Peer 1: 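I'd like to ask some things about the structure below.
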Amino acid sequence: MGRISFLALLVLLSGGCASQRLAGANLDRVSRPAFISRIELEAGPHSLVFREDSAYKDKLKKLEPKEADRRLQAKLTGAVSRFEVSERLRVNTFRQLPEERPWVDALDPARVATMLESFLVEEVPANAPDYDLLTRLGADAVVEFVIQDYGMRSVKGQAGAYMRGYARMFKINGRAEIWRRPFLVDRVAEGAEHLDPFKVGKDPSLFRRELTAMLDVVAEQFAEELRPPDRKPGGPPPPETGDSVHSTGRELPAPPKPAEPELAPGELPDPDP
């Protein structure tokens, strides 16, 4: 029941923002998508607990609210890395998509990250990458997830995690958007169970569990929206437009392997180098 209400809240909070539904006809025109997930530079994690809620004043005693937030923010930062936050959103969205085009032809994320010079980095690039570089790999569209703000906040002694951002899909050539979904998930506004900031200070994994649950719900919503109802299962592949490997969004097949030399009579294969 909690998960259902959580998902309903996500739809409620994001539905009023500027968004664009994905049409099946537009998805049919995509042949080789690339998936990107990133966190903006000042996105967090932030602690907006003690400075914005006087309910903790007696508990803090001589500790200034600003300093208490600084200490809690350090705990949140150590609980889960920015890289893990962004990657969880990308991976969990992608793995829920159907095994049909264009998703089965999506670029290998390791090749995408390498091309954009962000492979296995701890700090996810804050600025939008140069997506034109992905055309070298045959990509014709990008599915991008951006987290703009996340952390913990509190109102009248009720604290919880929050997260805000957007997702979109656009054609690389011309940057025309064919799907956009802003999102805002706020456990405090939802009226969820109190996430005690002092307990989080002793056990930061409490924040990690809350945040990852939020990411999973957002990913579920994104995966649903990337399956437009007006598109038949296994939608048709885009028409071929030429022989160029990049015009079709495909890579050249690997060259055939040379024939293995025959062993001389009575000889064993050569040892490994």
Side-chain angles (χ1 to χ4, degrees), residues 1-15 17 19 22 33-49 72-73 75-97 103 106 109 112-113 118 120-126 142-153 159-169 179-195 197 200 203-227:
M1 181 62 70
R3 183 174 177 80
I4 295 175
S5 64
F6 197 176
L7 182 56
L9 181 75
L10 171 66
V11 176
L12 176 64
L13 292 178
S14 61
C17 303
S19 60
L22 177 62
F35 282 71
I36 300 291
S37 189
R38 61 188 180 89
I39 299 180
E40 292 186 349
L41 182 60
E42 301 296 335
H46 296 133
S47 174
L48 308 176
V49 175
L72 179 57
Q73 184 167 309
K75 298 291 185 177
L76 303 183
T77 301
V80 56
S81 72
R82 289 163 56 95
F83 179 77
E84 183 179 350
V85 170
S86 66
E87 278 297 278
R88 188 179 187 96
L89 186 54
R90 180 191 65 79
V91 170
N92 283 2
T93 300
F94 182 77
R95 73 179 185 181
Q96 295 181 71
L97 295 175
W103 314 126
V112 172
S118 60
L120 292 182
V121 294
E122 175 63 20
E123 292 301 320
V124 178
V142 171
V143 180
E144 181 186 43
F145 309 112
V146 181
I147 296 176
Q148 298 172 296
D149 189 14
Y150 73 106
M152 279 187 66
R153 74 183 197 95
Y162 72 91
M163 180 173 60
R164 175 178 61 85
Y166 66 90
R168 63 175 182 152
M169 185 176 186
W179 172 66
R180 172 177 279 268
R181 168 56 71 186
F183 67 90
L184 170 61
V185 188
D186 188 335
R187 297 292 272 169
V188 176
E190 180 188 356
E193 183 179 353
H194 174 55
L195 182 62
V200 172
D203 183 6
S205 68
L206 296 173
F207 171 73
R208 176 193 179 92
R209 286 199 293 269
E210 182 114 320
L211 184 64
T212 53
M214 293 163 61
L215 289 164
D216 292 348
V217 171
V218 175
E220 182 179 337
Q221 176 74 10
F222 288 166
E224 180 178 341
E225 294 197 13
L226 290 171
R227 300 190 296 267

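Everything numeric here is computed off the predicted structure, so don't read it as measured data.
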Peer 1: Would the distance check show the side chain of Gln96 and the main-chain N or O of Asn92 forming a donor-acceptor pair, the cut-off being under 3.5 Å?
Peer 2: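 At least one qualifying donor-acceptor pair exists.
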Peer 1: State the CG-OG1 distance between Leu89 and Thr93, to the nearest 0.5 angstrom.
Peer 2: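 It comes to 4.5 Å.
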Peer 1: Please identify each residue that fulfils ring pair (Phe, Tyr, Trp, His ring centres under 6.0 Å) with Tyr166, with sequence neighbours left out.
Peer 2: none
Peer 1: Are any of the side-chain nitrogens in Asp186 or Arg164 under 4.0 Å away from the carboxylate oxygens of its partner?
Peer 2: no
Peer 1: Only one of Phe222, Tyr150, Phe145 clears ring pair (Phe, Tyr, Trp, His ring centres under 6.0 Å) with Phe183; which?
Peer 2: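 It is Phe222; the other options fail the test.
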Peer 1: Roughly how far apart are Arg227 CZ and Leu22 CG, rounded to 0.5 Å?
Peer 2: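 Nearest 0.5 Å value for the CZ-CG distance: 11.5 Å.
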Peer 1: My understanding is that only residues two or more places apart in sequence, or in another chain, count here; which of them pass salt bridge (Lys or Arg N to Asp or Glu O under 4.0 Å) with Glu87?
Peer 2: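 Glu87 satisfies salt bridge (Lys or Arg N to Asp or Glu O under 4.0 Å) with Arg90 once adjacent residues are dropped.
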Peer 1: Quick one: side-chain contact (heavy atoms from CB on, under 4.5 Å) partners of Ala192, sequence neighbours excluded?
Peer 2: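 Per chain and number, Ala192 pairs via side-chain contact (heavy atoms from CB on, under 4.5 Å) with Arg187, Glu190.
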Peer 1: Partners of Ala161 by side-chain contact (heavy atoms from CB on, under 4.5 Å), sequence neighbours excluded?
Peer 2: Phe207, Glu210, Met214
Peer 1: Which residues pass the side chain to side chain donor-acceptor pair (under 3.5 Å) test with Trp179, sequence neighbours left out?
Peer 2: Glu225
Peer 1: List in chain and number order the residues that pass salt bridge (Lys or Arg N to Asp or Glu O under 4.0 Å) with Arg180, two or more places apart in sequence or in another chain; answer none if no residue qualifies.
Peer 2: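 Salt bridge (Lys or Arg N to Asp or Glu O under 4.0 Å) list for Arg180, sorted by chain: Glu177.
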Peer 1: To the closest 0.5 Å, what do you measure between CZ (Arg181) and CG (Leu226)?
Peer 2: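 Those atoms lie 11.0 Å apart.
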Peer 1: Using only atom types and a distance under 3.5 Å, with no angle test, would you say the side chain of Arg82 pairs donor to acceptor with the backbone of Arg38?
Peer 2: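 The answer is no, because no donor-acceptor pair under 3.5 Å joins these two groups.
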Peer 1: Looking at Arg168 and Glu144, would you say the former's side chain and the latter's main chain have a donor-acceptor pair under 3.5 Å?
Peer 2: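 A pair under 3.5 Å: no.
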